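All of these numbers come straight from a predicted model, not from anything done at the bench. When reading the values below, keep in mind they use all heavy atoms of this one structure, side chains included, and skip hydrogens, waters and symmetry mates.
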Amino acid sequence: MGRTVKRKKTKSKNKAKKQEASSSSNPAVASGPAKVWQPGVDALEEGEELQFDPDAYNYLRGFSIGWPCLSFDIVRDQLGLVRSEFPHTLYGVAGTQAEKAPWNYIGIFKLSNINGKKREPIPASAIDGDSDEDSDNSSDDEAEEINEDTKPIVHLKKVAHAGGVNRIRSMTQKPHICATWGDTGHVQVWDMSSFLNSLADSGTRPHNEEDIIHKHLPLKVFSGHKDEGYAIDWSPLVPGRLVSGDCNSGIHLWEPTSSNWTVDANPFVGHSKSVEDLQWSPTEAHIFASCSVDKTIAIWDIRTKKEPCITIKAHNSDVNVISWNGLASSMIASGCDDGSFSIRDLRLYEAKMDTLVAHFEYHKKAITSIEWSPHEPSTLAVTSEDHQLTCIKLLKIFCLLFTDASPGLSTFRIWDLALEKDAEEEAEFRAKMKEQANAPDDLPPQLLFVHQGQKDLKELHWHPQIPSMIISTAADGFNVLMPSNIDTTIPGAEPSNNDATMQSEDP
């Protein structure tokens, strides 16, 4: 799988620092129904440009931290477990892919002033008796105000990193602890609490530290991998437990000690080619999954000998990414180098049945990222090298699940897995799409949302504390988006209006 971020060789360092997601951060508004442009299929003619529908988003903005980032992670904060009211604030960490190795760094960032559309439970006209004309004018004024006020404030700290960052992950239980996989072949663990605390106290004005790169020593450096890698994951159940996998097929287990980590020098062996991604089970502390260029997904138990408990031939090409469903723990999604992605139910393996419950071949190029929503068990987000994101609902799959008694330009598409394919409804859907827009005949009725405008998109994450918020990284920077048709209402803790300090704890 191609992992590098594409850059123009003539671009200077200063220009790269100012780079932002141009087409997504300040897009033009569509004037009416138009042909649906298919990334990877259609080509823009001279003088044409993509337009977006502002009604499709509750929020959409782009930002940059300097050099392109192949990987990033969202840092959990103390502002509220589940937050739905604007304005929002988020924290993250990202690793750069700079033009020269010594220029790389870890970016610790805070985005504040995230102001989007505020929905009224009862239309104003129903209360005040306003005319339709007044309501329309009010909506137009509100839209203009939203467009003016939704520019986020970026606060950024930089920490020097030896070489490019292939992947970075923040620990769930102690978010200030981060692990990086470097292209130098080293895995490092860092304590970023001092930088996060500084950002939390930064107020509403951005830091003026564009050229300051701090020297900061990692807590742990592991050089035992035989090659560089991309696969790394923190356990969601055991604080500090980590697995890292390399391009030489090796997987190493990290166990926390009272003050540091012990890394098992003897790797888990079972894949014949590069290990591309790793995911811990959301419910079993000793179980993790891996995927590989050898076309398989493997399930491992760290209590047994170091070979897979289960090996599944998952795809016909490299398996690039996997995601273990945190709300439906038997379901694993995987994305392939041929553009397909699949969903498997691991319970079917015990019944000696085919684990495959859904397979999609919509994308035209390699899948680069896949992730289940942390707030809705049947919603999945995918990014691809064909510049798209996708969503699906398969009612029969989740009826089975919940009745069981066992404990260039890039696009997003989100698939809703709760929808069954009904011939009559599908025909009605296609007729409606033809009436509203010149849509392609193979547009999936399960598709909820398409986001375009980023170049060479590499990774996405749902925000674990802000339902429906997605952050993505690409060669031209980051996007923060909240699709208006993914409106998840989750009961939870009340939001806080004040920033909270990131407390430093022992690893």
> Is it true that His225 and Asn248 share a donor-acceptor pair across their side chains at a distance under 3.5 Å?
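Per modelled atom types, Asn248 and His225 side chains form no pair under 3.5 Å.
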> Is the shortest heavy-atom distance from the side chain of Ile153 to the side chain of Leu111 under 4.5 Å?
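Sidechains of Leu111 and Ile153: no contact.
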> Partners of Glu350 by salt bridge (Lys or Arg N to Asp or Glu O under 4.0 Å), sequence neighbours excluded?
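Applying salt bridge (Lys or Arg N to Asp or Glu O under 4.0 Å) to Glu350 gives none.
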> Any idea which heavy atoms bring Gly224 and His252 closest together, and the distance?
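Residues Gly224 and His252, closest heavy atoms: O-NE2, 4.0 Å.
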> Quick one: side chain to side chain donor-acceptor pair (under 3.5 Å) partners of Gln465, sequence neighbours excluded?
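Only Asp77 meet the side chain to side chain donor-acceptor pair (under 3.5 Å) criterion with Gln465.
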> Run the side chain to side chain donor-acceptor pair (under 3.5 Å) test against Trp234 and tell me which residues pass, sequence neighbours left out.
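For Trp234, no residue satisfies side chain to side chain donor-acceptor pair (under 3.5 Å) once neighbours in sequence are set aside.
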> Applying ring-ring contact (aromatic ring centres under 6.0 Å, His included), can you list everything that pairs with Trp324, at least two apart in sequence or on another chain?
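Residues passing ring-ring contact (aromatic ring centres under 6.0 Å, His included) with Trp324: none at all.
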> Any salt bridge (charged side-chain N to carboxylate O under 4.0 Å, His left out) pairs touching residues 279-294, not counting sequence neighbours?
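The answer is none; no pair qualifies.
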> What is the distance from atom CG of Leu70 to atom CD1 of Ile168, rounded to the nearest 0.5 Å?
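Here the rounded value is 11.5 Å.
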> Which atom pair, heavy atoms only, marks the closest approach of Pro267 to Ala265?
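Closest approach of Pro267 to Ala265, heavy atoms only: CD-O, 3.3 Å.
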> Among residues at least two apart in sequence or on other chains, which ones pass side chain to side chain donor-acceptor pair (under 3.5 Å) with Thr304?
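Checked Thr304 against side chain to side chain donor-acceptor pair (under 3.5 Å); zero matches.
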> Sequence neighbours left out, what pairs pass salt bridge (charged side-chain N to carboxylate O under 4.0 Å, His left out) with at least one residue falling in residues 249-258?
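Checked against salt bridge (charged side-chain N to carboxylate O under 4.0 Å, His left out) - neighbours excluded - the pairs reaching residues 249-258 are Arg241-Glu255.
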> Any chance the side chains of Ser340 and His363 put a donor and an acceptor closer than 3.5 Å?
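Judged by distance alone, the side chains do not pair up.
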> Take Tyr91 and Phe109, measure what ring pair (Phe, Tyr, Trp, His ring centres under 6.0 Å) needs, and give me the verdict at the end.
CA-CA 6 Å; Tyr91 293 84; Phe109 60 87; 8.9 Å; no
> Looking at every non-hydrogen atom in both residues, tell me the closest pair between Ile470 and Trp462 and how far apart they are.
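Looks like CG1-CE3, 3.7 Å.
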> Please name all residues satisfying ring-ring contact (aromatic ring centres under 6.0 Å, His included) with His216, sequence neighbours left out, ordered by chain then number.
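With sequence neighbours excluded, His216 shows a ring-ring contact (aromatic ring centres under 6.0 Å, His included) to Phe195, given in chain and number order.
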> Closest heavy-atom contact between Asp318 and Lys295?
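Looking at all heavy atoms of both residues, the shortest contact is N-CG, 4.5 Å.
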> Establish, yes or no, whether a centroid distance under 6.0 Å links the rings of Tyr57 and His451.
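Close enough - the centres of the two rings lie under 6.0 Å apart.
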> Give the minimum heavy-atom separation between Trp300 and Gly270, together with the two atoms involved.
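Minimum heavy-atom separation between Trp300 and Gly270: CH2-N, 3.6 Å.
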> For Val93, run the side chain to side chain contact (heavy atoms under 4.5 Å, CB included) check against Val165, Ile65, Val159, Ile108 and tell me which one passes.
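Exactly one candidate clears the test, Ile108.
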> Do any pairs count as a salt bridge (charged side-chain N to carboxylate O under 4.0 Å, His left out) and have a residue in residues 214-223, sequence neighbours left out, and if so which ones?
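Every candidate salt bridge (charged side-chain N to carboxylate O under 4.0 Å, His left out) pair involving residues 214-223 fails, so no pair, neighbours aside, qualifies.
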> I'd like to check the side chain to side chain contact (heavy atoms under 4.5 Å, CB included) partners of Ser317; sequence neighbours left out, ordered by chain and number.
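Ser317 satisfies side chain to side chain contact (heavy atoms under 4.5 Å, CB included) with Cys336, Asp337, Asp338 only.
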> If every non-hydrogen atom of Ile74 is compared with every non-hydrogen atom of Pro464, which pair is closest and at what distance?
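The pair with the smallest heavy-atom distance is CG2-CD, 3.9 Å.
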> Who pairs with Ala231 by side chain to side chain contact (heavy atoms under 4.5 Å, CB included), at least two apart in sequence or on another chain?
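Counting only residues at least two positions away or on another chain, Ala231 forms a side chain to side chain contact (heavy atoms under 4.5 Å, CB included) with Val275, Leu278.
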> Should Lys306 and Asp301 count as an ion pair when the cut-off is N to O under 4.0 Å?
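Between Asp301 and Lys306 there is no salt bridge, as every charged N stays at least 4.0 Å from the carboxylate O atoms.
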> Taking only residues two or more places apart in sequence, or in another chain, which ones meet Ser342 in a side chain to side chain donor-acceptor pair (under 3.5 Å)?
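Checked Ser342 against side chain to side chain donor-acceptor pair (under 3.5 Å); matches are His359.
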